[in-house]
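Here is the structure we will look at, set down as structure tokens.
Lettering of chains follows the sequences in order, A, B, ..., and the numbering in each one begins at 1.
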Amino acid sequence: MKLLFEKSVTGRKSDYLPNCDVPVFELSSSLLREKDALLPELSENDLSRHYSALERRAYGVNNGFYPLGSCTMKYNPKINEKTAALPGFAEIHPLQPRSTVQGCIEVLSDMEKMLCEITGMDAMTFQPAAGAHGEFTGMLLIKKYHEKRGEGKIRTKVIIPDSSHGTNPATAVMCGMTVISIPSGSDGCVDLEKLREAVGGDTAGLMLTNPNTLGIFDRNILEITKIVHDAGGLCYYDGANLNAVMGVIRPGDMGFDCVHLNLHKTFATPHGGGGPGSGAVGCKAFLAPYLPKPQTVCDDGRFSFKTDCPDSIGKVKAFYGNFAVMVRAFTYVLTLGCEGIPEAAEHAVLSANYLKKRLSEKYTMAFDGICMHEFVMTLEKEAKEKNVSALDIAKALLDRGIHPPTMYFPLIVHEALMAEPTETEGKETLDEAADIFLAVYDEAMKDPEKMHLMPLNTPVQRPDEVEAARSPRLRWKPDVQ
Amino acid sequence: MNTPKNLKYSKTHEWVEFTGEGTAKVGLTDFAQQKMGKLVFVNLPMVGDELSPGEPFGDVESVKAVSDVISPVDGTVEEVNEDLLDAPGMINDDPYGTWLVKVSGVSSSDDLMTAEEYEAFCAEEE
Amino acid sequence: MRHYISITEAQKKEMLDAIGLHSAAEMYADAPSELIRKSALDIPRGMSELETLRAVEAIAAKNKVFPTIFRGAGAYRHYIPAIVPAVVSKETFVTAYTPYQSEISQGILQSIFEYQTMICELTGMDVSNASVYDGATAAAEAAAMCRDRKRTKTLISAAANPDVIETVKTYCWGANAEVSLIPSKDGVTDMDALRGMLDETVACVYIAQPNYYGMLEDAAAIGQTVHGAGAKFVMGVNPIAAALLKTPAECGADVAVGEGQPLGMPLSFGGPYLGFMAATAAMMRKLPGRIVGETTDSEGNRAFVLTLQAREQHIRREKASSNICSNEALCAMTAAVYMAAMGPDGMKDVAVQCLSKAHYMASAISSVKGFSLRRKGEFFHEFVTECPIEPDKVMSALEEKGILGGLPLADGGILWCATEMNTKSEIDSLVNILREVSSK
């Protein structure tokens, strides 16, 4: 398929704007760029067709089953798009006078209250633009806490299980800390002995998600947070897996001091092909003074921002966060309400367990028993005996019109496939998907060689990623005449 | 396995060729390049960097993974193989003929294995 | 269907039977029973879609939509052609995940590749990433890119956007790296002061073009000075101005960053916006975030993939230079559609109209007694004037007429902005109101 630049024809112009109604001002030529930007020239018709063609070469939740473990690809309600686009939100300049943005600050304030209730926290910020950004913010709160107590130079170690998402250790390093990776026990959970060995006077904190990245709820969680607290460290909750427990179990009750949420996972805001997201960060009252500024204030129905926050970590982004994403999440929480939130979590766990049961017929599970909202299969045996890898199964699923599960994560399981169906899939969809998974398995066992050629029905087949990394071509270039 | 007898080997799959008067060449073994798969980039140290036995001095990247290269010796980096910046695949094609760094002032090294010992070590790792 | 769940009660029973459980509560058996909530959450009950819509609309109605805006300061109101929201609201683009499975994501990958190309063209740089959160975080990430073992200090112009300065400070504090402000003089970065601050510990220098006060910096001269001291030059640019002004590449920048919101994104009370980052070929492997590359597939067809992934957190983990995972993908697509719709002529036209209207406005406002232009020197589409009375009185008078005036600054001045959206008659009305309110 051609690129926009390859469809461009010189001489096409647009007329979106009227002519300039004031005298044209000219800057001195020494300030001007020498060469114009080479942008495509297309009629609106051609531009529109181009993006429609691109859309046909993409796969969204609206196209089919999307069991990407750890991503929570639940249905994105359309009413959320409508509320985010209301002119009363979309047309508001972030620096308008307080009295003219009472509705915006109300959304931030109400959402803070509701999410604090769901997570067991006391205060929240919506400034981070994504989960990883939220992790950074949360860990900065912990860094500030230790600094204020004069232990900033001593407490520099962050304990992270080896099953964690890659953003966790990367975040710790961005906060000037070093990572102590602790191996998970044979049940995928935190090894308490190893944790006790790892904590000490140099512990800044622990980063953990529960349920963990294997989809298992760590039953020792209260002991885990106690061990870290007793050593003087704080506990950070990676909220990526909140969909399993929201409204049923609260991170604040598990002993966590601060959390981040992925509004674009748990709270149904769409993924947009990679973003924008929103990484709300909640914390207990003792960490609240360190939150980024400004902080929202609700004073008897009047809303405002507090900029005089002497202990704040500063800002992690301009303005207040991805506000339009928040409006979507806000609409979702209002829609679900106090009954709907735990109901969604329970059905997410039900869906996962049902799919796991069905796939257990042929696939080896990393861990047996009841899972939470996601589970991990392993193709380790098949890879050794029949040379069929997790990648092969995933590519075969592409041919069958299903988005594959997450591949090769978590790192502690070899040839991993992590599936998370979410609560918005019907039983028929789960059954159909299970049938396809099982059929693919049979095909793979019968003819492993054929698997290495898949996918065969997609617009491209097994792009050469080695070449792409060895000789990067990262932009289109016009042909040199 | 065709493990050259004139080289010494580390537990982390680097080879060393002692080239006399405290100099040495360091590279990656066939086992290492097979495990990593096709290499796409090599991060090399700078000339003049000091090396310590057992400490990483660079890394190699494949499409989906990164692996530290651990120095088997001490010393100073005299030369880095700049050809690798454009053609990292040389390590895959000819692991024992492709050196990463040339080192001088070598006085100590980690416990190194002979070719036979290394082959036995790899068999156990499988 | 209750709130997007399509499993019926009957199906639920079937599923529990298949799993071998009697009730859904048993699924949480691993969790300590004292953690399981026994009472309902203290949030309102759920609502039907119509009730929810009414509730949210009522809150939105408490905000004031200004028909006329003369305020910028980091968020700008430009005309968004209708084709832009039409394209980026296509359901598949909205609901797709990150294109890790390249075979079924060629559409998304290609759109990012096209965006990367346009950013390179706009800035003149060699490579661009697929976006970061906003202009402020882009500046902070650029500062991180430039740090090495010996040089760790960041110098940032005091004339930059205060939110950018604050964000860079926070990121540098996080990394235990030093950051210092370069003082400004006559509304632009003080070159003498800069020279005095450059030493062998400085990793990079950041300036904004135009700067927060709308003034044009002597970017090429700053770039030369910075390189002369062995440091890297990070240039923040306004993407609308970039169609007209000397590019970061022409000024010798090592990294070009900026806030992409003006490229088709609504104001939306501050987000989601778009951080663009572009660099020289030499800095390519230091860029954070996702990057799309072109390659071929097994049949020899052109194909796009996420590439250079070994830089990123999911592979390098604690050795990654940034933790960024999700970015602003849909906003990057928005920018690409906007730039493609406007085309090279349209982009230039927007820039010329912004420039011209701002100069017309500056001239007109400064003709009102007490509203003199604070600075001499070139500016793009923002400028600062003095204010003879309480700025709040001016703003109230304007607000009554549905006008959002310039931003009152802490030192009593007002930072005005004009874009192609402001008509001559709007500007003339503004000036009349200023004349009226200041003569009382």
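Counting only heavy atoms from C-beta outward, the side chains of A/K143 and C/N176 approach each other to under 4.5 Å. Taking the side chain as every heavy atom from C-beta outward, C/L308 and A/L474 approach each other to under 4.5 Å. Contact of the C/K90 side chain with the A/L54 side chain is not registered, since no non-hydrogen atoms from C-beta on lie closer than 4.5 Å. A/L336 has its side chain within reach of C/Y4: a pair of non-hydrogen atoms, C-beta onward, lies under 4.5 Å apart. In this structure the side chain of A/I341 reaches within 4.5 angstrom of the side chain of C/I43, judged on heavy atoms.
Annotation: A/K357, atom NZ; neighbour count of heavy atoms from other residues, nucleotides and ligands within 6.0 Å does not exceed 12.
For the 3.5 Å distance criterion, the side chains of C/K64 and A/S99 fail to qualify, holding no donor opposite an acceptor. No hydrogens or angles considered: nothing links the side chains of A/E91 and C/N63 as a donor-acceptor pair under 3.5 Å. Side chains of A/N62 and C/T92: a donor on one and an acceptor on the other come within 3.5 Å.
For a residue to count as touching a neighbouring chain, one of its non-hydrogen atoms must lie under 4.5 Å from one of that chain's; by this rule C/E399 touches chain A with the side chain only. Heavy atoms closer than 4.5 Å to chain A are found in the side chain of C/E378, but not in its backbone. Looking at C/A336, the atoms closer than 4.5 Å to chain A (heavy atoms on both sides) sit in the backbone and in the side chain alike. A/L68 touches chain C through its side chain: at least one heavy atom from C-beta onward sits under 4.5 Å away, while N, CA, C and O do not. For A/A172, no part lies under 4.5 angstrom from a heavy atom of chain C. Both the backbone and the side chain of A/L95 come within less than 4.5 Å of a heavy atom in chain C. In this structure, chain A has no heavy atom under 4.5 Å from any part of C/I315. For A/K395, the part lying under 4.5 angstrom from a heavy atom of chain C is the side chain only. Heavy atoms closer than 4.5 Å to chain A are found nowhere in C/N161, neither backbone nor side chain. Looking at A/M73, only its side chain comes within 4.5 Å of chain C, counting heavy atoms on both sides. Contacts between A/P292 and chain C at a heavy-atom distance below 4.5 Å are absent for every atom of the residue. No part of A/S278 comes within reach of chain C, as not one of its non-hydrogen atoms sits under 4.5 angstrom from that chain. Looking at A/A53, neither its backbone nor its side chain comes within 4.5 Å of chain C, counting heavy atoms on both sides.
Interface remark: of the candidates A/F25, A/Y354, A/F330, A/F25 forms the most heavy-atom pairs closer than 4.5 Å to chain C. Heavy-atom pairs under 4.5 Å with chain C were tallied for A/A394, A/G340, A/S52, A/P87; the largest tally goes to A/S52. Chain C forms the most heavy-atom pairs under 4.5 Å with one residue out of A/P97, A/G131, A/A468, and that residue is A/A468. Ranked by heavy-atom pairs under 4.5 Å with chain C, the list A/S14, A/G314, A/P270, A/A90 is led by A/A90. Annotation: maximal heavy-atom pairing with chain C below 4.5 Å, among A/N353, A/I216, A/D253, occurs at A/N353.
In this view, C/D42 satisfies the salt bridge (Lys or Arg N to Asp or Glu O under 4.0 Å) rule with no residue, not counting sequence neighbours. Not a single ring-ring contact (aromatic ring centres under 6.0 Å, His included) links C/Y360 to another residue, sequence neighbours left out.
Counting only distance, with no hydrogens or angles, the side chain of A/R33 and the backbone of C/A242 share a donor-acceptor pair below 3.5 Å. Remark: the backbone N or O of C/G107 is not paired with any side-chain donor or acceptor of A/R56 at under 3.5 angstrom. Between the C/S298 side chain and the A/R462 main chain, no donor and acceptor come within less than 3.5 Å of each other.
Taking the six-membered ring wherever Trp is involved, the centroid distance between the rings of A/H133 and C/Y133 falls below 6.0 Å. Residues A/F217 and C/Y28 place their aromatic rings such that the two centres sit no closer than 6.0 Å.
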Carefully, step by step, assess A/V173 and C/Q313 under the rule side-chain contact (heavy atoms from CB on, under 4.5 Å). CA-CA 11 Å; A/V173 169; C/Q313 47 76 29; over 6 Å; no

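The heavy-atom pair separating C/E103 from A/P459 by the smallest distance is O-CD, 3.6 Å.
Ring-plane geometry between C/Y171 and A/F136 is classed as tilted, the angle between the planes lying from 30 to 60 degrees on a 0 to 90 degree scale.
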